[in-house]
Asker: 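Handing you this structure, nothing more for now.
The chains referred to below are lettered A, B, ... by the order of the sequence lines, with proteins before strands, and numbering in each begins at 1.
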Amino acid sequence: MALTGLFLSLFLVIHLLGNFQLLLPEEQAKEQYNLYSNLLSNNPIIKLIAYVLYATILLHTIDAINLTIKAKKANGLSYVKDNRNRASKWYARQMMLLGTVVFAFLVIHFKDFWYPYKFGELPMDDNGNKDLYTLVMISFQELWYVILYAVAILGLGFHLLHGFFSAFRSLGVYHPKYNRIIKSVGVAFAVSMSIGYLIIPFYIYFNF
Amino acid sequence: MAKEIYANIPEGDLKDKWSNYKAQAKLVSPNNRKKMEIIVVGTGLAGASAAASLAEMGYQIKAFCFQDSARRAHSVAAQGGVNAMKNYQNDGDSVYRMFYDTLKGGDFRSREANTYRLAECSASLIDQAVAQGVPFGREYSGYLKNRSFGGVQVSRTFYARGQTGQQLLLGSYQALMRQKENGKVSMYTRHEMLELVVVDGKAKGIIARNLDTGKIERHGAHAVVLATGGFGKIYYLSTLAMGCNASAIWRAHKKGSWMANPSWTQIHPTSLPQSGPYQSKLTLMSESLRNDGRIWVPKAQDDQRPPHEIPEEERDYYLERKYPSFGNLAPRDIASRAAKEQIDAGKGVGALKNAVYLDFKDAIKECGKETIAERYGNLFSMYEKITGINAYKEPMKISPSAHFSMGGLWVDYDLMTNIPGLFAIGEANFSDHGANRLGANSLLQACVDGYYIAPYTLQNYLSDQIQVAKTDVSTEEFYQAEKQALQQLEEFVSCKGNKTSEEFHRELGKILYDKCGLSRSDEGLQEAIKKIQQLREEFKENLLVPGDVEDINSELEKAGRVSDYMELAELMCLDALTREESCGAHFRKEFQTEDGEALRNDEKFSFTSAWEWSGNPQNPILNKEPLTFEFVQPTQRSYK
Amino acid sequence: MKIHLKIWRQKNQHTKGEMQDYTLTEVDEEMSFLEMLDMLNLELAKKGECPVEFDHDCREGICGQCGVMINGIAHGPLKNTTTCQLHMRSFKDGDTIYIEPFKVKSFPVIRDLKVDRSGLDEIIAAGGYVSVNTGQAPEANSILVSHEEAESAFDAAACIGCGACVATCKNASAALFTGAKIAQFARLPQGKKESAERTLSMVERMEELSFGHCTNTEACQVECPQDISVLTIAEMIYEYNKAKLKK
Ligand SMILES: Cc1cc2nc3c(=O)[nH]c(=O)nc-3n(C[C@H](O)[C@H](O)[C@H](O)COP(=O)(O)OP(=O)(O)OC[C@H]3O[C@@H](n4cnc5c(N)ncnc54)[C@H](O)[C@@H]3O)c2cc1C
Ligand code: HEM
Ligand code: FES
């Protein structure tokens, strides 16, 4: 769980860096972004990594379902009055829910961008690369789509707010000093990922 | 009818007795040990350590406790520490000194040989506990740390913060669990012993009630060890746990085993006072508080002012006044008695006028709040948790409370009772503390009995039982014992009166605390005996126990315990009445010096009272085991 | 003060339980929570009804025998406090208090508020000890333990085994309980030799006993009467991984 989660987190960073190209001035962005997408989809190493990534998502999800079933089994009857949640953060208890939001989003995300790019008919840009850029731009013109995206990212943000430090704990990092550092880094990471991913749709929505 | 008593003390010089014993003790070969079963009732420090050690040797153990886990025995509550003669502080300690301190602390009312052995075996306990991973306090260098404790001039107390008992108990509990995993120990938690089964004069088993089902069970063995702890709960309000009881030893007593010095009870000076009629127990505050706190009461009776409004000159720091050299650090019995005197004189403080002040104002002024917080922070916060009062601002209220039973089943040097095959260890026996126990000596005694003595002496006993087959529990003796236990339970349930056992217990406790507690008198004891007899009659007729016998029934459990207390209480009063002297915790008003100190009478009372059950609680038989002092000369205690 | 109670009554493991209502009119705020229950039981007994069965013994917060859910919180509203150390001054006149047993699979209800926590003993039996027989121990000061080691081992060893961590955990995990014991020995030189065997067997036993899996919500430390650190859980995992790698 921890390893897959961290691997996914690493992917988030790279994916975000790539996507920041969308924020460049229009012409340049279009050219670069489409080129970048093309590179990614044709490079065998990247391809391999992509498969690892899919597998990771799958593994992470299976693990998540497993954990949830285990918890269900270990819990007894439900409490008539249940205030156990006063002792922990809601997002720490709702990792499955948040994960499901992320998962649902991933499905949509794949359907809207990844599937058309891979298997669909996309127009070419001036350099002969598939024009993913325009697809993205058009998609984010829709307010509902931006909102959906924002909700998903917030879900991811909270998932990371707990997930990041939790992953290190699950790996056995127990020194109090490192744990303090990791906790702060985790918060910073979750916040910056959320902001990072949120800037893009809003930027596009308001600027184009 | 009184009997001659043989304590089976080995020959030789004091310091050679235990080695001589060990050298001559008989053994059982390993393959025979496998076939022999031992019942150990109690999983406190004494029971768990004995059970684990005997299991390690190869015996098959059945271990019983009434809690839901062995780890919860009341040894867990001991805070202060455990004594041992290591002389790590190089302050002149020696086995002899420790022996002498213990004997003197007990006011020369214990056996020399037993007490010496306690001191002699103490060092190994620390080795054992450390090896088990007990996190004792350490110096920065990594060496073990010590603190000093009341009544002695050396630092020989080892401690694990304020939870020494817990840590020691976890050590032996874990050793016990290890043997359970090895298949050498069968655990019977939530089981209460109801009867001892004696076959042909030998202890052969017990009748126990499974508290989860209410079912009565028979258990047989080659020998039975009782490690059932103290019975201070007989006073109802005490520092003991709710379930602590005398039942196991009392039922054994009624099967013939003698009770020794039952009235000797240590009343601890620094427990929290009762705050209302509903109160169920009193929490102990560590005695270490007396190092910095000053104890006082208002000079005037019935002073209603809050403490900070009472000016200095209207306060009576009575311990400092009466015992200038020891002051607030006077030994437990003296401090408790002095507090009771003030309370009885109408100077008690608090809503129920049952407490005295323990004031840190001067200490805070002198060394600062930080230092005090560092020393006692956890105690102050515990105090606040329980009372809601901030003791940095307001003096604590403390009062004396029943704490430790020096008395218990009579045992010989082997820790075997007068019933062959029945052993009693830990607080359940009477052995080492005389008439007053020194602080931090009882954890030690429980451990030494369990780890170091029982394994030798049980084996010595079992060595001629090798040919004896496993105990058959379908015999007449088991049947009778079971019937007896069941009958009693049925009587409780079918009585259908209208007073619960808890109500009876409170009344009984009050009688005992008033008349057979800190100070006793002929008149008071006679009165108490009458009252107890009346109460016992009422108990028979007016007891209310809802529910069924063969079911989970905590009220029924309580009824059994209180029923035994009803009989034991009378014996305690008789014991106190017949001992016409004052010694240690036993203070008879008629026998005191001119300035109110205990007056011992060595000529007439240098003996252990070993009471024998006669079938009627009103006239037990007094057997006397003379205490002879070959190696030391008894002196009068003085803490002036 | 007047207190309304809603208490879980259940005959045994195999029957269904339900909440029942009771009202006490003369509760004193200086009473401990368990003394309030004593009061109720006295009233019930007088009416010939069966008292509410609950576990308790020392009533000073150290034996770990007490423990119920009070208004849906393990050991009630105060943090780091056992049920027996909770006092009625934490409630107001007219309050309604819900009292339920710890409800987790691995702690079957025995009756009313009593549950069977023997699973915790089983975890200790799997390896929560230093395997030293009586008599084998070397001189105590031959094993040096630094002040910090001893103190931090103590922090972990202070666990009272009440099971509140399991009850409060959304996963019903016993990781804090198990982690505390493993951490105690990991922090002491005495425990190092058999650390791998201990860790593997305790963790595996914990899983066999159908306790849940920790996901670091950290609720356990909040309700733990001894404030045992959640870092002991990470330490357990570290020890576990180390042991696995060694194997
Ligand atoms: C609050 C407090 C603080 C203390 N502090 C100190 C200290 O600092 N230093 C010190 O040296 N001493 C201290 N003492 C005294 C010391 O703790 C005890 O004397 C000692 O722990 C007794 O150990 P034990 O094994 O004999 O009995 P316990 O630990 O009381 O064990 C009794 C066992 O017997 C079982 N049992 C009892 N009756 C039955 C029955 N009928 N059927 C089945 N099982 C039964 C119980 O379940 C339990 O397992 C303190 C005592 C108290 C109460
Ligand atoms: C980009 C996507 C994702 C990232 C970056 C991510 C990251 C993480 C991280 C770092 C953890 C902590 C691991 C640990 O504590 O050991 C975690 C835990 C978890 N994840 Fe994800 N995750 C993602 C997607 C998902 C999905 C799709 C699901 C489920 C459908 C999911 C469900 C869970 C669950 C239930 C946990 C809880 C375990 C715990 O709290 O420890 N996650 N995730
Ligand atoms: S009764 Fe012992 S901890 Fe609460």
Asker: Does the distance from a Lys or Arg side-chain N to an Asp or Glu carboxylate O, for C/K11 and B/D551, drop under 4.0 Å?
Answerer: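 The answer is yes: the pair qualifies as a salt bridge.
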Asker: With heavy-atom distances below 4.5 Å as the criterion, would you say the side chains of B/E181 and C/R205 are in contact?
Answerer: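 B/E181 vs C/R205: side chains touch.
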Asker: Do the charged groups of C/E35 and B/K281 touch, with an N to O distance under 4.0 Å?
Answerer: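 Here C/E35 does not pair with B/K281 in a salt bridge, since their nearest N and O are not under 4.0 Å apart.
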Asker: Heavy atoms only, distances under 4.5 angstrom: which of B/H74, B/M177, B/M57 has the most pairs with chain C? Name it, please.
Answerer: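 Result: the option with the highest number of such pairs is B/M177.
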Asker: Evaluate the criterion side-chain contact (heavy atoms from CB on, under 4.5 Å) for residue pair B/F136 and C/V145; output intermediate values, then yes/no.
Answerer: CA-CA 9 Å; B/F136 284 123; C/V145 182; over 6 Å; no
Asker: Let me know if B/N498 has heavy atoms under 4.5 Å from chain C in its side chain, its backbone, both or neither.
Answerer: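 Only the backbone of B/N498 comes within 4.5 Å of chain C.
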Asker: Work out which heavy atom in C/E53 is nearest to a heavy atom in B/N553; give both atom names and the distance.
Answerer: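 Looking at all heavy atoms of both residues, the closest pair is OE2-CA, 3.6 Å.
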Asker: Pick one of side chain, backbone, both or neither for B/T239, based on which atoms fall under 4.5 Å of a heavy atom in chain C.
Answerer: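 Backbone only.
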Asker: Checking C/L42 now: which residues fulfil side-chain contact (heavy atoms from CB on, under 4.5 Å) with it, not counting sequence neighbours?
Answerer: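 C/L42: side-chain contact (heavy atoms from CB on, under 4.5 Å) contacts with B/T500, B/E503, C/K46.
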Asker: So which heavy atom on B/Q163 is nearest to which on C/A158, and how close?
Answerer: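 Where B/Q163 meets C/A158 most closely, the heavy atoms are OE1-CB, 3.9 Å.
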Asker: With no hydrogens and no angle check, just 3.5 Å: does a side-chain donor-acceptor pair link B/S275 and C/E30?
Answerer: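 No.
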Asker: Please confirm whether the backbone N or O of C/A140 pairs with a side-chain atom of B/D127, one donor and one acceptor, at under 3.5 Å?
Answerer: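 A pair under 3.5 Å: yes.
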Asker: Side chain, backbone, both or neither: which part of B/Q128 has an atom under 4.5 Å from a heavy atom of chain C?
Answerer: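 Both parts, backbone and side chain.
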Asker: Do the side chains of B/R161 and C/D155 get close enough for a salt bridge, i.e. N-O under 4.0 angstrom?
Answerer: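 Result for this pair is yes, salt bridge flagged.
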Asker: Do NZ/NE/NH1/NH2 and the carboxylate oxygens of C/E151 and B/R138 come within less than 4.0 Å?
Answerer: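 Salt bridge absent between C/E151 and B/R138.
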Asker: If we ignore hydrogens and angles and just use 3.5 Å, is the side chain of B/E139 paired with the main-chain N or O of C/H147 as donor and acceptor?
Answerer: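 Side chain of B/E139 to backbone of C/H147, a donor-acceptor pair under 3.5 Å: no, none is there.
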Asker: Please classify the contact between B/T213 and chain C as side chain, backbone, both or neither, with a heavy-atom cut-off of under 4.5 Å.
Answerer: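 For B/T213, no heavy atom lies under 4.5 Å from chain C.
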Asker: Mind checking whether C/I110 and B/R190 have side chains closer than 4.5 Å, heavy atoms only?
Answerer: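 The answer is yes; the side chains approach within 4.5 Å.
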Asker: Need one label for C/N12: side chain, backbone, both or neither, based on atoms under 4.5 Å from any heavy atom in chain B.
Answerer: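 For C/N12, neither part sits under 4.5 Å from chain B.
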Asker: Counting only heavy atoms closer than 4.5 Å, note whether B/K86 contacts chain C via side chain, backbone, both or neither.
Answerer: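 Contact with chain C involves the side chain of B/K86 alone.
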Asker: Select one option (side chain, backbone, both, neither) describing which atoms of B/K180 are under 4.5 Å from chain C's heavy atoms.
Answerer: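 Answer is side chain: those atoms of B/K180 sit under 4.5 Å from chain C.
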